[in-house]
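To find a chain, count down the sequence lines: A is the first, B the second, and so on, and within it residues start at 1. Excluded from the calculations below are hydrogen atoms, water molecules and symmetry mates; all remaining heavy atoms, backbone and side chain alike, are included.
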Amino acid sequence: MKPDLSVSLGPLRLKNPVLTASGTFGFGSEWAGFYDLGILGAITVKAVTVQPRRGNPMPRTVETAAGMLNAIGLQNPGVEAFIAEKMPYLRRFDCPVIVNIAADNIEDFRTLAERLDQVPGVSALEVNISCPNQACGGIEFGVDPTLTHQVIGDVRARTRLPVIAKLSPNVTDIALIARAAVEAGADALSLVNTYVGTAIDARTGRFRLANRTGGLSGPCIKPLALLAVWRVAQAVKAPIIGMGGIFDATDAIEFLLAGASAVALGTVNFVHPRAAVDVIAGIEKYLEERELASVTDIIGRVQPAV
Amino acid sequence: MPCQIEARILQNASENDGIYRLRLHAPAIAAHAGPGQFVHVLYGDGFGPLMRRPFSIHDVEPAAGCFDVVYAARGAFTTGMAALRAGDTLSVVGPLGNTFTLMEDIAGPHVLVAGGVGAPPLHLLAKTALGKPETRRLVVINGARTSHHLVATGDFLALGVEVRVTTDDGSAGRHGTVMDELREVVGDAQRCAVYACGPEPMLRAVAEFCVAQRIPCRVSLETVMPCGTGVCMGCVVKVRDPNEADGFAYVRACHDGPVFDAEELLWD
């Protein structure tokens with residue numbers, strides 16, 4: 001018998017635990033040649049803001065050792081264009097759509113929650129209180145437990161949709177922020193967003209990013225992200241979507257063992273567009289080899305080294 | 001529609017100083033690839049290098065299921081690629097991006113300006129344009145710093161098109177730049193059209209000249225492309241947009257381009 005890959009993120013039921021990470025998958029339509037989006041546990045789309053955002057000047061990205069820095073600046077067409085132009089395509093697939101919402105003030109978070117609440121095909125909101133790039137301003141919310149509580153509580157009050165808080169790792173104690181988000185009504189937590197970093201070109205003496213700082217992602221952050229997930233899993237009961245440098249099924253399984261109920265693929269989508277197909281198959285194979293009936297049998301089951 | 005393929009290398013040989021021709025067997029890509037489009041190549045195992053790099057498609061043989069990329073082995077990535085042999089495989093995603101299409105109602109010549117390693121998309125354009133009724137006259141301006149840096153000159157000549165070679169040092173063809181040749185070609189021509197690919201300073205000079213002369217011009221841009229598929233927004237270029245503040249917007253070089261009308265581009 002095939003193992004059961006389905007998991008729950010609070011009220012949201014997923015057929016498997018593999019999601020896309022916001023900002024690494026656009027709004028889904030570029031992926032038609034690679035696989036049917038219906039295979040995914042859920043699609044998390046690029047961050048949407050109230051007004052369109054033009055984004056940061058170039059250069060916006062730079063490759064680093066086993067990773068990359070990005071400072072895109074939340075370029076997106078705005079919530080109205082998203083609903084009118086992007087949602088019709090996403091509704092075609094048998095796959096929940098999680099909309100990542102970003103704002104630099106609480107009013108905009110409220111507006112986004114209310115506006116998206118009644119939109120057919122939207123399955124959940126992921127509240128981006130952790131964008132590390134200066135232009136978006138969202139990180140101020142995610143580094144302060146009081147502000148986190150306020151934003152998540154305000155979104156919670158304005159939507160019937162499941163609310164997922166996307167947490168920043170750029171904090172002293174991520175468990176503290178996680179508790180604030182859960183107390184304010186978050187149904188699930190996404191972590192981690194990128195780590196703030198920079199890159200300098202010694203030859204020219206210049207920063208490599210126009211924004212100076214960017215968010216670090218890719219395999220180089222995996223050990224840090226894994227620890228963040230484990231710490232938060234110890235601190236709260238809410239389900240966790242774990243992410244940060246996952247490149248294959250083994251990486252994904254490590255996050256599940258650390259306590260994530262689901263995982264999101266980010267930077268790997270740029271390198272291996274078909275990664276989700278391989279990760280889903282690899283998780284299934286892992287469970288089969290161990291004769292485990294359900295993926296839930298490994299969630300949070302990491303054991304001591306000796 | 002792009003796909004991800006482990007392509008078998010049929011050939012990977014040096015053509016000129018540090019210039020290599022890579023022939024890949026990838027029928028799903030060869031069947032659809034057009035001039036101006038590119039493939040996103042992953043070289044190596046593990047995480048160094050981590051990201052793919054874009055390479056323009058130089059030639060396509062759909063019946064044989066293969067296509068060619070011509071590249072300069074300069075950095076770590078391309079030097080590593082140059083060490084691969086026939087029979088090895090390379091992960092490629094493509095075909096990606098939009099295409100060069102031949103402009104219509106052009107009474108004069110179609111002028112293809114190919115600078116250095118920018119030649120490949122123009123080679124494929126020249127090849128596909130030959131024999132079409134709208135191609136009355138095709139002129140290729142093939143320029144580089146020196147004769148050692150010239151790319152695809154032999155391929156252009158083999159197509160039987162008019163080729164004008166320029167080098168900055170005079171080691172081959174005209175002693176000068178592609179701009180010297182371009183001014184001459186368009187000077188006596190009635191309503192020509194220009195297509196260009198090459199280093200950014202050259203593209204800018206060609207584009208600004210054509211816009212000033214009201215010559216229709218399309219250029220293929222290269223930027224850093226993390227995803228190549230249009231999802232990351234890391235490869236944007238500035239285009240005119242009267243509806244935006246300051247009159248410009250950012251669009252994706254990989255997905256909305258790499259080919260743009262010279263008139264819409266804004267150069268920093």
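Atom CD of B/Glu208 has more than 12 heavy atoms from other residues, nucleotides or ligands within 6.0 Å. Environment of CZ in B/Arg145: sparse, with no more than 12 heavy atoms of neighbouring residues, nucleotides or ligands closer than 6.0 Å. In the displayed structure, A/Arg206 atom CZ is contacted under 6.0 Å by at most 12 heavy atoms of other residues, nucleotides or ligands. Residue-environment remark: CD (B/Glu200) stays at or below the threshold of 12 foreign heavy atoms within 6.0 Å. By the neighbour-count criterion of 12 heavy atoms within 6.0 Å, atom CD of B/Glu263 is sparsely surrounded, having that number or fewer from other residues, nucleotides or ligands.
The contact between B/Thr223 and chain A is made entirely by side chain atoms (from C-beta outward), counting heavy-atom distances below 4.5 Å. Residue contact with chain B, scored on non-hydrogen atoms closer than 4.5 Å, involves the backbone and the side chain of A/Pro57 alike. Only the backbone of A/Phe25 comes within contact range of chain B, with heavy atoms under 4.5 Å apart. Contact annotation for B/Val93: only side-chain heavy atoms (C-beta onward) come within less than 4.5 Å of a heavy atom of chain A. Looking at A/Phe247, the atoms closer than 4.5 Å to chain B (heavy atoms on both sides) all sit in the side chain, from C-beta outward.
Contact tally against chain B (heavy-atom pairs below 4.5 Å) for A/Ser29, A/Gly67, A/Gly33, A/Gly23: the top residue is A/Gly33.
Residue A/Met58 comes nearest to B/Val236 through the heavy atom pair CG-O, 3.3 Å, listed as atom of the first residue, atom of the second, then distance. Heavy-atom minimum distance, B/Leu42 versus A/His272: CD2-CE1, 3.5 Å. For the residue pair B/Pro226 and A/Met68, the shortest heavy atom distance occurs at CB-CE, 4.0 Å.
Between A/Gln75 and B/Arg252 there is no side-chain heavy-atom pair separated by less than 4.5 Å. Between A/Asn56 and B/Tyr250, the closest side-chain pair of non-hydrogen atoms is not below 4.5 Å. No side-chain heavy atom of B/Met233 sits under 4.5 Å from any side-chain heavy atom of A/Asn70.
Within residues 77-96 of chain A, no residue has any heavy atom closer than 4.5 Å to a heavy atom of chain B.
Panel note: side chain B/Arg52, backbone A/Val271; a donor-acceptor pair is recorded below 3.5 Å. Using a distance-only test at 3.5 Å, with no hydrogens or angles considered, a donor-acceptor pair links the side chain of A/Arg54 to the main chain of B/Ala245. A donor-acceptor pair is defined here as one N or O able to donate and one able to accept, closer than 3.5 Å; no such pair exists between the side chain of B/Gln4 and the backbone of A/Phe34.
One finds the CG atom of A/Asn269 at 9.5 Å from the SG atom of B/Cys227 (value rounded to the nearest 0.5 Å).
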From CA spacing to verdict: side chain to side chain contact (heavy atoms under 4.5 Å, CB included), A/Trp31, B/Val231: CA-CA 9 Å; A/Trp31 239 248; B/Val231 295; 3.5 Å; yes

Step-by-step side chain to side chain contact (heavy atoms under 4.5 Å, CB included) determination, A/Glu63 to B/Val224: CA-CA 10 Å; A/Glu63 183 171 338; B/Val224 172; over 6 Å; no

